[in-house]
Amino acid sequence: MRSVCLYGGTVEEQTRQYEPSFIEPKWQNIWDQKGKYSVKEVCGKKKYYLLEMFPYPSGRIHMGHVRNYSIGDLMARFRMMQGYNVLHPMGWDAFGLPAENAAIKHNVHPAKWTQDNIDYMREQLKRMGYSYDWDREVSTCSGIYAKWEQWLFLKMYEKGLVYKKEAPVNWCPSCNTVLANEQVENGCCWRCETEVVAEQLSQWFLKITAYAEDLLAGCDTLTGWPERVVTMQKNWIGKSHGIEIDFPLADREGCLKVFTTRQDTIYGAIFMSIAPEHPLVEELSRGSSQETQIRAFVKRVTSQDKKFRSSEDVIKEGIFTGAYCINPMTKNSIPIFIANFVLMEYGTGAVMAVPTHDQRDFEFAKKYGIPLRIVIQPPDNCLKEEEMTQAYTEEGVMVNSGSFNGLKNTDAMNQIADYMEEHGIGRKTVNYRLRDWGISRQRYWGNPIPIIYCPECGVVPVDYKDLPVRLPMEVDFPPDGKSPLPNLPDFVNCSCPRCGSSAKRETDTMDTFVESSWYFERYASPSWDKSPFDRDAVEYWMPVDQYIGGIEHAVLHLLYARFFTRVLKDLGMVSFAEPFKNLLTQGMVIKDGAKMSKSKGNIVDPDDMVKRYGADTVRLFLLFAAPPDKDLDWSDKGVEGCSRFLNRCWRLVLGIMNAIKSRPDLKKGFSMAEMPADAEGLSKRLRQLTHQTIRKVTIDIEDRLHFNTAISRVMEMVNELYTIDLPKVLAGMPAEDSMQKKADLFAVREAMRSLILLLSPFVPHIAEEMWEEAGEEFSLFDHTWPGFDLDIAQDEDILLMIQVNGKIRSRMTVKADSTDDEIKNAAMIDIRVREWINERPVKKVILVKNRLVNIVV
RNA sequence: GCGAGAGUGGCGGAACUGGCAGACGCGCUGGACUUAGGAUCCAGUGGUAAAACCAUGCGGGUUCGAGUCCCGCCUCUCGCACCA
């Protein structure tokens, strides 16, 4: 017989303990059995599509997932309570390399490994109590998903958006596969950080560049996205306006095309630099006295790995080809160099070199003793070629530039471009940094590319009726990490769909970013089998109203998904171009100053935390410790604080209910819910607190996405309720009924109900349990989000600061309806204010409504 | 180098359009209740002897009033990076 003390130990009654390990599974089962979160399209009901980036089934959920999904669940439940028809699905980005590595290491089939992981992680997510509609679960390695993705590939093929070409590609020697440009970070593989090397390979590409302009223009419509993500996308697309200029070759046919954005400097172009990979390298250097040296140079540079070659501190070097071309403006003959810093991937792979006004060209010219020619002079001082120590890249006045002399270079830009177009020297062009998306992967565990190579017909797409091309399940994984597919005759050998002769199947699989480019549409009709998705369902749910995920996909996944959506639109399959209306990029979970990772040994396992504190506490902590878009420091102490707070809420609600239950008369008044208009005393104080809290929490969640401050508002309310000591107040209420008693009881109930409702999207289990304890009906989540009344929330008395010369010297309370003059006069006669004014004449009195009075003397 | 963001107590973080700097939580200190307290409740907690003064990276400015706006620096984080 132990007494649990409430409010200084006055209540000698056994109070039920808060036991998350009991109540959390309880409510999870109830929600599950009642199908609480499965949704249908309801005509006319306002929808809300809340999506979190689906996980790769790596084995276990980590804290970053838990943070991501806790934010999502909060927002989903909040919208549900606001009356939206909320789609909140979950699935698995299930193809990928780790499954193959596991196959080699543990001798388990990737399909089994993946499925086991999915089963385990699904249980982990269920234990967190997220409001997913599990009926819509999608796994991208399933036959049906693969089928419709291959179908989309073929549609794109028909549209000319898919092509195969031999090109230098990014090869990751550790993953044994090719990577897209977006998947190379600082010259290293995005997944394993191995240095990427260049390989010449024949590869399948998706023509994302055909949408470069549209993707860029669409950026301006992404008003619900973080600005930096939009900027990153814009930079990645990298549009630049310029002009393509023809430099005729001297002593032979043809010309060298260059792309430049600085046509104003063309009169200073006194040599030419071309990339070592440039197709004219061979021809131009033929017959040169140093042909062998040129070969050696080209070979050396092209064999350097990407990271090394593109790093800033690589010295600029080059070699003269022996050939010349003509500067079309000066008509001078200028030498053509091969230079290591010129990129074949950008522009035309050739640049006109203007050493006086481009730092790279300057360094190059200095090294090889090429003379300089200034064509732009700064407005004030006069540059001299022989005194220059660096290139002058600022604005200025044109000199040495024929008929353009004397013009501001910024003004000359267009005039020169026009002149060149008129004289057939060049064409205005737009150039993009964006490259086509290489999707071939030399891997097994991915979606097969549905293509057949026929010795008669060439490249032939698989027939639609033969979809999907299935991965063979009987496979041995070679220990060298290479794909087993090319060595499987049953898979490779097939007959040509066109002529029937024996043919070979494509053995590359698709980049897994293809799956994540349309899964959000698949959720709308996850078992649909007539096409990738049911158009009506997609039109009902899409676009995603709120998308939540890590910043690491700012370019990769988000760009691909935008591209795919545009393709679907052009295929007539959807009506919209942008898939994600609002985007929230959540920060990382940090421990001891570093991102949680196995190698750092600073991982906190969600399972352990849930076991110790319960899912609600973990969720609350992740939402409370930082705003969602900032990095979050994991703190064991902080978690305890959240656990403590939930216990406090629990005792508060149960304490009130105990007091009510022990007094039949209170119970009666308590449930009547009738509020007299002119509330005074307790009820007034309580109602004001309640409505102020509702107001702040609602704004914090809905408008500002500041969940941490929303929680702090609720904490303030709880603290305030504790100082009132409601159980004691209730116990001391008179036996006979009165209007005052009714009002007070109503206000207590309103406060308690509101408190639980405000907490519910953060901590749904304890909220549901307290709701039940408070005698309310299941389910809390059928109840609408509490509204607030501004009149009730309004303070009658306002505390005003009084400043003298901008420094706070006193404060006073005034009635909310006081006039300006009343307030000013009241401030002037304040004793402390008089001392500070000290008989000096008052120059000015500034009044800021509801804030302060400032007296200037 | 370019672009974006940030710099506030011992710590995580508050402060909407300029208007009580440090909400809320952690930690710490004291007290209450206790056989006990690492449970719970109450109080305190930026600095300094101070009711005054000083404090939001540094230096200027605008203003009655600046964490917030402007100018110039410093530092950190992120993205892009020889892009012609």
Side-chain angles (χ1 to χ4, degrees), chain A residues 4-10 185-186 226-232 234-236 238 240 242 258-262 265 269 273 309-314 316 339-343 345-354 358-361 363-364 393 431-433 551-552 554-555 590 620-621 624-627 629-642 644-645 647-648 651 696 699-700 703-704 706 708-716 718-719 722-723 725 799-809 811 832 843-857:
Chain A
V4 174
C5 306
L6 282 168
Y7 309 111
T10 54
E185 296 170 347
N186 291 323
E227 206 182 293
R228 63 188 190 124
V229 176
V230 178
T231 309
M232 281 165 79
K234 283 183 180 169
N235 289 344
W236 191 264
S240 54
V258 302
F259 172 78
T260 183
T261 55
R262 291 296 305 273
T265 63
S273 308
R309 216 180 128 183
S310 62
S311 77
E312 206 175 356
D313 28 81
V314 169
K316 287 167 189 41
N340 64 340
F341 63 89
V342 179
L343 308 172
E345 305 93 83
Y346 187 79
T348 61
V351 267
M352 61 177 215
V354 187
D358 182 286
Q359 188 56 27
R360 293 156 300 181
D361 298 341
E363 287 169 31
F364 194 89
T393 54
N431 201 38
Y432 298 93
R433 212 184 72 108
I551 186 77
E552 65 272 18
V555 178
I590 305 283
L620 186 69
F621 172 74
F624 177 64
D629 54 325
K630 297 261 176 65
D631 286 350
L632 178 151
D633 269 21
W634 183 266
S635 151
D636 291 334
K637 290 289 187 189
V639 178
E640 274 172 37
C642 289
R644 202 150 41 218
F645 170 68
N647 271 288
R648 230 163 118 76
R651 286 193 307 272
K696 288 174 183 163
I699 292 171
D700 278 352
D703 301 340
R704 309 202 315 147
H706 281 197
N708 55 335
T709 54
I711 294 166
S712 75
R713 309 292 188 203
V714 182
M715 286 173 167
E716 280 178 288
V718 169
N719 291 345
Y722 263 77
T723 67
D725 197 349
L799 181 65
L800 284 185
M801 304 301 107
I802 312 179
Q803 297 183 331
V804 178
N805 286 347
K807 297 217 176 208
I808 290 156
R809 298 303 185 191
R811 53 203 73 193
R832 289 174 39 80
K843 283 192 201 143
K844 196 161 44 159
V845 180
I846 293 155
L847 181 83
V848 182
K849 205 160 170 41
N850 297 340
R851 294 278 182 194
L852 57 75
V853 184
N854 187 12
I855 298 160
V856 187
V857 296

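Here is the naming used below: chain letters follow the sequence lines, and residue numbers restart at 1 for every chain. This structure is a prediction, so every number in the text was calculated from the model and none was measured.
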What N/O pairs connect the protein and nucleotides 45-48 of chain B at under 3.5 Å? Give each pair on its own line.
none

Under the side chain to side chain donor-acceptor pair (under 3.5 Å) test, residues paired with [X] that sit two or more places apart:
X: A:Asn708; answer: none
X: A:Asp361; answer: none
X: A:Asn805; answer: none
X: A:Lys630; answer: none

Calculate the interatomic distance between [X] atom [atom1] and [N] atom [atom2]; express it in whole Å.
X: A:Trp236; N: B:G3; atom1: CH2; atom2: C1'; result: 15 Å
X: A:Asp725; N: B:U40; atom1: CG; atom2: P; result: 17 Å
X: A:Lys807; N: B:G19; atom1: NZ; atom2: P; result: 17 Å
X: A:Asn340; N: B:A84; atom1: CG; atom2: C1'; result: 14 Å
X: A:Glu185; N: B:C78; atom1: CD; atom2: C1'; result: 12 Å

Where the chi angle of B:G38 falls, syn if within 90° of 0 and anti if not
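This nucleotide is in anti.
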Contact under 4.0 Å: A:His706 side-chain N or O vs B:G13 OP1/OP2:
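For B:G13, OP1/OP2 do not have a side-chain N/O of A:His706 under 4.0 Å.
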Reckon A:Arg809 has a side-chain N or O less than 4.0 Å from the OP1 or OP2 of B:A51?
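Checking B:A51 against A:Arg809, no side-chain N or O comes under 4.0 Å of OP1 or OP2.
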Expressed as a whole number of Å, how far does the C1' atom of B:G67 sit from that of B:G22?
11 Å
Base, sugar-phosphate or nothing for [X]? Non-hydrogen atoms, less than 4.0 Å.
X: A:Asp631; value: sugar-phosphate
X: A:Val342; value: base
X: A:Arg228; value: sugar-phosphate

side-chain contact (heavy atoms from CB on, under 4.5 Å) involving [X] - partner list, sequence neighbours excluded:
X: A:Asn235; result: A:Thr231
X: A:Lys807; result: A:Arg809
X: A:Ala350; result: A:Leu256, A:Val258, A:Ile274, A:His278, A:Thr348
X: A:Leu847; result: A:Asp820, A:Ile823, A:Lys824, A:Val853

For A:Phe259, enumerate each residue passing the ring-ring contact (aromatic ring centres under 6.0 Å, His included) test, keeping only those at least two apart in sequence or located in another chain.
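With sequence neighbours excluded, A:Phe259 shows a ring-ring contact (aromatic ring centres under 6.0 Å, His included) to no residue whatsoever.
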Out of [options], which has the shortest distance to the side chain of [X]?
X: A:Val856; options: B:C64, B:A4, B:A84; answer: B:C64
X: A:Arg360; options: B:A4, B:A84, B:G65; answer: B:A84
X: A:Val848; options: B:C78, B:C41, B:G19; answer: B:G19

Within the 3.5 Å criterion, strictly below it, is a donor on A:Thr709 or A:Asp700 matched to an acceptor on the partner's side chain?
yes
Under 3.5 Å donor-acceptor pair, A:Lys844 side-chain atoms to B:C64 base atoms:
no
Could you run through RNA chain B and flag its stems, i.e. three or more consecutive Watson-Crick or G-U pairs with both distances under 3.5 Å?
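Expected stems, ordered by start: B:1-7 with B:74-80, B:10-12 with B:24-26, B:27-32 with B:40-45, B:57-61 with B:69-73.
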Got a second to check how far A:Leu852's CG is from A:Met801's CE, nearest 0.5 Å?
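Between atom CG of A:Leu852 and atom CE of A:Met801 there are 7.5 Å.
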Protein heavy-atom contacts under 4.0 Å, written 5' to 3' over nucleotides 20-27 of chain B as B (base), S (sugar-phosphate only) or - (none), form the string BS-BBSSS
